Trainee: 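Quick one: the structure is below, questions incoming.
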Amino acid sequence: MYMSTDEVRNAYLKFFESKGHQIVDSSSLVPHNDPTLLFTNAGMNQFKDCFLGLEKRAYTRATTAQRCVRAGGKHNDLENVGFTARHHTFFEMLGNFSFGDYFKDDAISYAWEFLTEILKLPKERLLVTVYQTDDEAFDIWNKKIGIPAERIVRIGDKEGGKAYESDNFWQMGDTGPCGPCTEIFYDHGDHIWGGPPGSAEEDGDRFIEIWNNVFMQFNRHADGTMEPLPQPSVDTGMGIERISAIMQGVHSNYEIDVFQTLIKAAAEVTGCDDLSNQSLRVIADHIRSCSFLIVDGVMPSNEGRGYVLRRIIRRAVRHGNKVGAQGAFFHKLVGVLAEVMGSAGQELKRQQAVVEKVLRIEEENFGRTLERGMAILNDALDNLDGKVLDGETVFKLYDTYGFPADLTNDVARERDFSIDEVGFEKAMEEQRQRAREAGQFGTDYNAAIKTEAQTEFCGYAGTEGESAVVAMFVEGQEVDALSAGDKAILILDQTPFYAESGGQCGDAGVINTESGLFKVEDTQKLGNAIAHHGELTEGVMAKGDKANALVNAARRAAITLNHSATHLLHAALRKVLGEHVTQKGSLVKAENLRFDFSHLEGVTAAELKEVERMVNAEVRRNHSIETNIMDIESAKQKGAMALFGEKYDEQVRVLSMGDFSTELCGGVHASSTGDIGLFKITSESGIAAGIRRIEAVTGEAALDYLDGQAAKAELKLDEAAVKAKALEKEIAQLKDKLAAAASAKLTDKVQEINGVKVLVAKLDGADNKALRGMVDDLKNQMGSGVIMLGNVSEGKVGLIAGVTKDLIGKVKAGDLVNLVAQQVGGKGGGRPDMAQAGGTDAAALPQALDSVVPWLTEQL
């Protein structure tokens, strides 16, 4: 039964949803709050805290189709990609998970049902492995499912290794949750070489693992003790590419629909007519990882995740050059990828233009880098003492300039030299070792702070609350009492203190009991608890004490103003710069706000001014800031912005500021936009390729900033500046006079439609900035009426519509100006009584204005 990759994905999620699992969106490829991972490399990453017992969710069963990348750090498949049947930098992992709910029996039954009844795989082609001593799993497969004993392979510990070091025993690290696993293999047939798992020929390609069910049932201590977990859990994974190959009757992952479409597209853009060329497979794989890494906020750079992305792009470009590509080609595959990914490609479609631009710029830059690398290589060969180029130089060219060793070897061979392949491999292995060490879990799970305590946040309504002390920690160890001078973490059963999250910093303040005073310096999340970090400055405090929690209200108020302003800023940036703008990070403090966003060029002074003007306009409109709790799908239908790849609960908090901004947010906000008072941008800069940063202040801090700027300006003011200012004022006055004169002449063109005065006129060469004053003058002269003016100045179209307040129930200025704007290549908006827009097609303006009277006739 043939199934497309998208059909497999949807069938899997739908099946487990029917078994009571919550479908959870794929998390970002950039792991949140997990420094142990370079990239998300498994479906369980986003649920790690659930397995560790640090987080509880509204569901105990989940299913996902998780985007994964393995191209750096501990899991690095980069060198094999394109040259084997199943290695990829990017892949999707289908998974179903149980957090203390079902265990081995159901997990095995679900897997078998899905494979044999939904996908209808032949049972005789499936065999399974279990851990050597896992008799329970063996019996379920044999006695319940009915698999013959000879098709159930027991896999023991590796020869010469420690206990529990087996392909069928999974562990998160040297300590912590672990347990046996059972793997399901598919037999591709005896026409392919290879033997079953555990045999001497197991490395062959006949028997391919398609599903792994991990049973987390132990907590491993540093001394090797295996303590049974109180709530055994299930973590499974099935690579969508492998199962799709089976469903499509092919053997190699590169033969499935997704890759065949991308390979054909790669052949077309590179001019290669050999579809079997391995370079096309490399390009097809790499466009997936590069595109989705950029979607999740990774940008090419010389360090960390950005460096890995840069290496993958350069590897793809080099393979394109190998098959004859001329000019930039890689970015042209993004649109094809977005289409072929089906339901998993929606966010890529939305950010397609940004991804294409990042890839094109990086590819063009690499062209210049290639020239510099060639110069270094030729210089090294010119000065070589002997005929062999040393491995360190080969590695430097590879590591710094993106030269694969085969490229260096080609150039050297052309000049009758060779390269030190052994030295190069040694340098590569040293780099791999550094990456492996950087990717290991560095802490003992059992030494980390763990608490079953749960804290209810009650700080949306106020900054003070009664509570009780339920836990306290000193230097990571739980204690029952504190004395003055103790630096500690305090946990309450409920608290008004906001824990740092979503860019908003944690609250500060004090916690009082009858016998002690605890000064809270910061507030953080600790699983389902809220941790108050600080010091007991007076008296003593004990677990169980009744407490009064008091947040620093002035500091909180300043934070809320900045947080609400951040939402307005986000919306304004999208309106001014385009909908490709997405949040890439934020920091909301009492002193100021910082907002990072995706945008490939610097924001111009004019654009910043417009953003600032737009935000302050919404502040003056004094929208009530409303919050509603609803399910995630209803929130999306309402138009709430969600950060792609972020983790959200089933019920989410939707924050709305009029019709200007609607976002998902769990933070604390002002009650109305007017509370912000004033918004002022203090800086705009680039922090990474394609990532910009704006810093701003609000309220009293904004006034202080303006006062400071004014003081600086006064010091620098000289006679020339004074004269210039006077001249500007004179010019403005002259423009006002000209505009007034022009508006007086326009009254001759007023006509009546259904008893309403209407003025539609085209101007030539008027100052676009003066149009607003002109409309105000015309309103005063007409008393009641509708005005639509179109102006052409320096080839650009300026539009403005005005409606007197007695008529806005019938006609909205924004609707009117957009009617014309759409016909002249522009867009705009504004208030019901005044709206402006711009356009690029001056030739279309007369006809566009002619459409106004018929339209108004219908409205009036």
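Model, not experiment: these values are computed from the prediction.
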Trainee: Hey, is Arg692 close enough to Glu684 for a salt bridge, meaning N to O under 4.0 Å?
Mentor: yes
Trainee: Does the side chain of Ser26 come under 3.5 Å of the side chain of Arg67 through a donor N or O and an acceptor N or O?
Mentor: yes
Trainee: Quick one, Val852 and Val786 - any side-chain contact, counting heavy atoms below 4.5 Å?
Mentor: no
Trainee: Which residues satisfy the ring-ring contact (aromatic ring centres under 6.0 Å, His included) test with Phe457, sequence neighbours excluded?
Mentor: Tyr460, Tyr498
Trainee: Please determine if Arg621 and Glu618 form a salt bridge, counting it only when a charged side-chain N lies under 4.0 Å from a carboxylate O.
Mentor: yes
Trainee: Can a donor-acceptor pair be found between the side chains of Asp806 and Thr804 at a distance below 3.5 Å?
Mentor: yes
Trainee: Answer yes or no: is there a side-chain heavy-atom contact under 4.5 Å between Asp631 and Val652?
Mentor: no
Trainee: Looking at every non-hydrogen atom in both residues, tell me the closest pair between Phe597 and Val603 and how far apart they are.
Mentor: CZ-CG2, 3.9 Å
Trainee: From Ile691 CD1 over to Ser685 OG, what is the distance, rounded to the nearest 0.5 angstrom?
Mentor: 12.0 Å
Trainee: Nearest 0.5 Å please: distance from the CD1 atom of Ile676 over to the CG atom of Asn562.
Mentor: 8.5 Å
Trainee: Please lay out, stage by stage, how Leu816 and Trp855 fare under the test side-chain contact (heavy atoms from CB on, under 4.5 Å).
Mentor: CA-CA 9 Å; Leu816 178 54; Trp855 184 82; 3.8 Å; yes
Trainee: Please determine whether salt bridge (Lys or Arg N to Asp or Glu O under 4.0 Å) holds for the pair Lys575 and Glu610, giving the CA-CA distance in whole Å, both sets of side-chain angles, and the decisive distance to 0.1 Å.
Mentor: CA-CA 10 Å; Lys575 294 180 192 302; Glu610 178 60 16; over 6 Å; no
Trainee: Apply side-chain contact (heavy atoms from CB on, under 4.5 Å) to the pair Lys357 and His331, showing each step before the final yes or no.
Mentor: CA-CA 7 Å; Lys357 193 165 187 177; His331 68 284; over 6 Å; no
Trainee: Let me confirm one number: the CG-CD1 distance from Asn616 to Ile681, rounded to the nearest 0.5 Å.
Mentor: 9.0 Å
Trainee: Is the side chain of Arg574 donor-acceptor paired with the backbone N or O of Val581 at a distance under 3.5 Å, no angle test?
Mentor: yes
Trainee: Taking side chain as C-beta onward, heavy atoms only, is Leu706 less than 4.5 Å from Lys680?
Mentor: yes
Trainee: Distance alone, cut at 3.5 Å: any donor-acceptor contact between the side chains of Thr582 and Ser598?
Mentor: yes
Trainee: Check for a donor-acceptor pair, side chain of Thr857 on one end and backbone N or O of Val853 on the other, with a separation under 3.5 Å.
Mentor: yes
Trainee: According to ring-ring contact (aromatic ring centres under 6.0 Å, His included), does anything in residues 652-678 pair up with another residue at least two apart or in another chain? List the pairs.
Mentor: His563-His669, His567-His669
Trainee: Crowded around Glu700 CD? As in, over 12 foreign heavy atoms under 6.0 Å?
Mentor: no
Trainee: Could you tell me whether the side chain of Gln823 and the main chain of Leu819 form a donor-acceptor pair under 3.5 Å?
Mentor: yes
Trainee: Using a strict 4.0 Å threshold on nitrogen-to-oxygen distance, state whether Arg556 and Asp507 make a salt bridge.
Mentor: yes
Trainee: Should the heavy atoms of other residues, nucleotides or ligands under 6.0 Å from CD of Glu794 be counted, would the total exceed 12?
Mentor: no
Trainee: Can you confirm whether Asp596 sits close enough to Ser586 that some side-chain heavy atom of one is under 4.5 Å from a side-chain heavy atom of the other?
Mentor: no
Trainee: Would Asp777 and Lys779 pass as an ion pair if we require N to O under 4.0 Å?
Mentor: no
Trainee: I would like to know whether Gln709 and Lys712 meet side-chain contact (heavy atoms from CB on, under 4.5 Å); could you show each step before the answer?
Mentor: CA-CA 5 Å; Gln709 294 297 103; Lys712 290 178 185 177; 3.7 Å; yes
Trainee: Are any side-chain N or O atoms of Lys757 and backbone N or O atoms of Met782, one a donor and one an acceptor, separated by less than 3.5 Å?
Mentor: yes
Trainee: Determine whether more than 12 heavy atoms belonging to other residues, nucleotides or ligands lie under 6.0 Å from atom CD of Gln751.
Mentor: yes
Trainee: Got Ile625 and Thr673 here, is their nearest side-chain heavy-atom distance under 4.5 Å?
Mentor: yes
Trainee: Give a yes or no on whether Lys14 atom NZ has more than 12 heavy-atom contacts from other residues, nucleotides or ligands under 6.0 Å away.
Mentor: no
Trainee: Which heavy-atom pair separates Gln781 from Thr747 by the least distance, and what is that distance?
Mentor: OE1-CG2, 3.0 Å
Trainee: Just by modelled atom types, is the Val30 backbone N or O under 3.5 Å from a matching donor or acceptor in the Ser28 side chain?
Mentor: yes
Trainee: Could you go through Phe497 and Thr463, starting from their C-alpha distance and side-chain angles, then the distance that decides it, and tell me whether this counts as side-chain contact (heavy atoms from CB on, under 4.5 Å)?
Mentor: CA-CA 7 Å; Phe497 282 80; Thr463 56; over 6 Å; no
Trainee: Counting N and O atoms only, with roles assigned by atom type, does the side chain of Ser661 sit under 3.5 Å from a partner on the main chain of Ala571, one being a donor and the other an acceptor?
Mentor: no
Trainee: Is any side-chain heavy atom of Thr63 closer than 4.5 Å to a side-chain heavy atom of Gln22?
Mentor: no
Trainee: For Pro496 versus Gly465, what's the shortest heavy-atom pair and its separation?
Mentor: CG-N, 3.9 Å
Trainee: Looking at CD1 of Ile559 and CD of Gln504, how far apart are the two atoms once the value is rounded to the nearest 0.5 Å?
Mentor: 6.0 Å
Trainee: For Glu7 and Ser4, indicate whether the former's side chain and the latter's backbone hold a donor-acceptor pair under 3.5 Å.
Mentor: yes
Trainee: Minimum heavy-atom separation for Thr698 and Ala565, please, with both atom names.
Mentor: CG2-CB, 3.5 Å
Trainee: What distance separates Gln836 CD from Arg831 CZ, expressed to the nearest 0.5 Å?
Mentor: 9.5 Å
Trainee: Using the side-chain hydrogen bond (donor to acceptor under 3.5 Å, both in side chains) rule, pick out the option among Gln352, Glu347, Gln346 that qualifies with Arg350.
Mentor: Glu347
Trainee: How about CG on Asp659, more than 12 heavy atoms from neighbouring residues, nucleotides or ligands closer than 6.0 Å, or not?
Mentor: no
Trainee: Spell out, as yes or no, whether a donor-acceptor pair under 3.5 Å connects the side chain of Thr682 to the backbone of Glu695.
Mentor: yes
Trainee: Within this structure, what is the CG-CG distance for the pair Leu763 and Leu799, rounded to the nearest 0.5 Å?
Mentor: 10.5 Å
Trainee: If you compare all heavy atoms of Asp675 against all heavy atoms of Leu561, which two are closest, and at what distance to 0.1 Å?
Mentor: O-CD2, 3.4 Å
Trainee: Considering only heavy atoms from C-beta outward, does the side chain of Lys796 approach that of Thr840 to under 4.5 Å?
Mentor: no
Trainee: Identify the heavy atoms of Ser343 and Asn10 that sit nearest to each other, and give their distance.
Mentor: OG-OD1, 3.4 Å
Trainee: Look at the side chain of Thr627 and the backbone N and O of Val654, then say whether any donor-acceptor pair between them is shorter than 3.5 Å.
Mentor: no
Trainee: Keeping the roles fixed (side chain from Lys812, backbone from Ile808), state whether a donor-acceptor pair exists under 3.5 Å.
Mentor: yes
Trainee: Are any of the side-chain heavy atoms of Leu568 and Val619 separated by less than 4.5 Å?
Mentor: yes
